[in-house]
Asks: 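Quick one: this structure, given as structure tokens, is what I'll be asking you about.
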Amino acid sequence: MPIEQAGRIIGKAAAAGGSVTVADITDATDLGKDILLAVDVPALLALISALGSSGDQVLDGKLQLNHQLVLKSVQQTDANVIAFYFGEDDGVIDVAIKATGTVDNYGQIAISVRDDTGNLINALTVDGASKAVLFQPGYKVHIGNSAVDISKITPFGGQLVACQDKDAVKTLLGI
């Protein structure tokens, strides 16, 4: 029962001069009723700890998932699936994850960030149809522990990276 509905029922009972008890809450679990009837903080904390610390739940304001989070959309869309707003709410998303599916069931996911223009830009996209990882122009691509920037690779560098084995490298270099 939503809290708003419960509030209306309690309000009607009080206005009519009646009372509502925990026993009147028909869809509450026994543990839920016991929590409402706890007489002091230690008793309340003992009951809450009985809920456990595993499985899907919210602990200390953080969503804890036992296995997985499934977000299902009946309609295929390219809308932001998860949006993050930081600091003062200025109505603009700071970071977003977009996911979409195509008619032929290929998937695509994009990570978007607010850039220095204040716009949300798809910085990184993984596309299932083309089997490609796409980077927004202007964003650097750093590879490996040394963080080598390959975003401005030369055509020759691209050919070298495309080599499948040492023989292909030798052929390209004319060795």
Asks: Is there side-chain contact between Tyr139 and Leu124, with heavy atoms separated by less than 4.5 Å?
Replies: no

Asks: Please check if Val133 and Ile111 belong to a single hydrophobic cluster, counting links between Ile, Leu, Val, Met, Phe, Trp and Tyr side chain heavy atoms closer than 4.5 Å.
Replies: yes

Asks: Measure the shortest side-chain to side-chain distance between Ile97 and Ile109 over non-hydrogen atoms and say whether it is less than 4.5 angstrom.
Replies: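 Yes, at least one pair of side-chain atoms sits under 4.5 Å.
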
Asks: Do Arg114 and Val95 have side chains that get closer than 4.5 Å, going by heavy atoms?
Replies: no

Asks: Can you check side chain to side chain donor-acceptor pair (under 3.5 Å) on Asp127 and Thr125, steps first, answer last?
Replies: CA-CA 6 Å; Asp127 182 61; Thr125 302; over 6 Å; no

Asks: According to side-chain hydrogen bond (donor to acceptor under 3.5 Å, both in side chains), does anything in residues 166-175 pair up with another residue at least two apart or in another chain? List the pairs.
Replies: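 Every candidate side-chain hydrogen bond (donor to acceptor under 3.5 Å, both in side chains) pair involving residues 166-175 fails, so no pair, neighbours aside, qualifies.
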
Asks: Group every Ile, Leu, Val, Met, Phe, Trp and Tyr by side-chain heavy-atom contacts under 4.5 Å, then state whether Phe156 and Ile153 land in the same group.
Replies: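 No; Ile153 is not reachable from Phe156 via cluster members.
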
Asks: For atom CG of Asp40, is the number of surrounding heavy atoms from other residues, nucleotides or ligands below 6.0 Å larger than 12?
Replies: yes

Asks: Mind checking the CG-CG spacing from Leu44 to Leu37? Nearest 0.5 Å is all I need.
Replies: 11.0 Å

Asks: Do you know the tightest heavy-atom contact between Phe86 and Asp94?
Replies: N-OD2, 2.7 Å

Asks: For the backbone of Tyr106 and the side chain of Gln108, can you confirm whether one donor and one acceptor N or O come within less than 3.5 Å of each other?
Replies: no

Asks: Taking the side chain as every heavy atom from C-beta outward, state whether Ile93 and Tyr85 have any pair of such atoms under 4.5 Å apart.
Replies: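 Heavy-atom side-chain distance check passes, below 4.5 Å.
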
Asks: Could you see if Leu120 belongs to whatever hydrophobic cluster contains Val92? Use Ile, Leu, Val, Met, Phe, Trp, Tyr and a side-chain cutoff under 4.5 Å.
Replies: no

Asks: Rounded to the nearest 0.5 Å, what separates atom SG in Cys163 from atom CG in Leu173?
Replies: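 Cys163 SG to Leu173 CG: 7.5 Å, rounded to 0.5 Å.
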
Asks: Testing the basics here: between Val113 and Ala123, what is the closest heavy-atom pair and its distance to 0.1 Å?
Replies: CG2-CB, 4.1 Å

Asks: Check for a donor-acceptor pair, side chain of Asn119 on one end and backbone N or O of Ile121 on the other, with a separation under 3.5 Å.
Replies: no

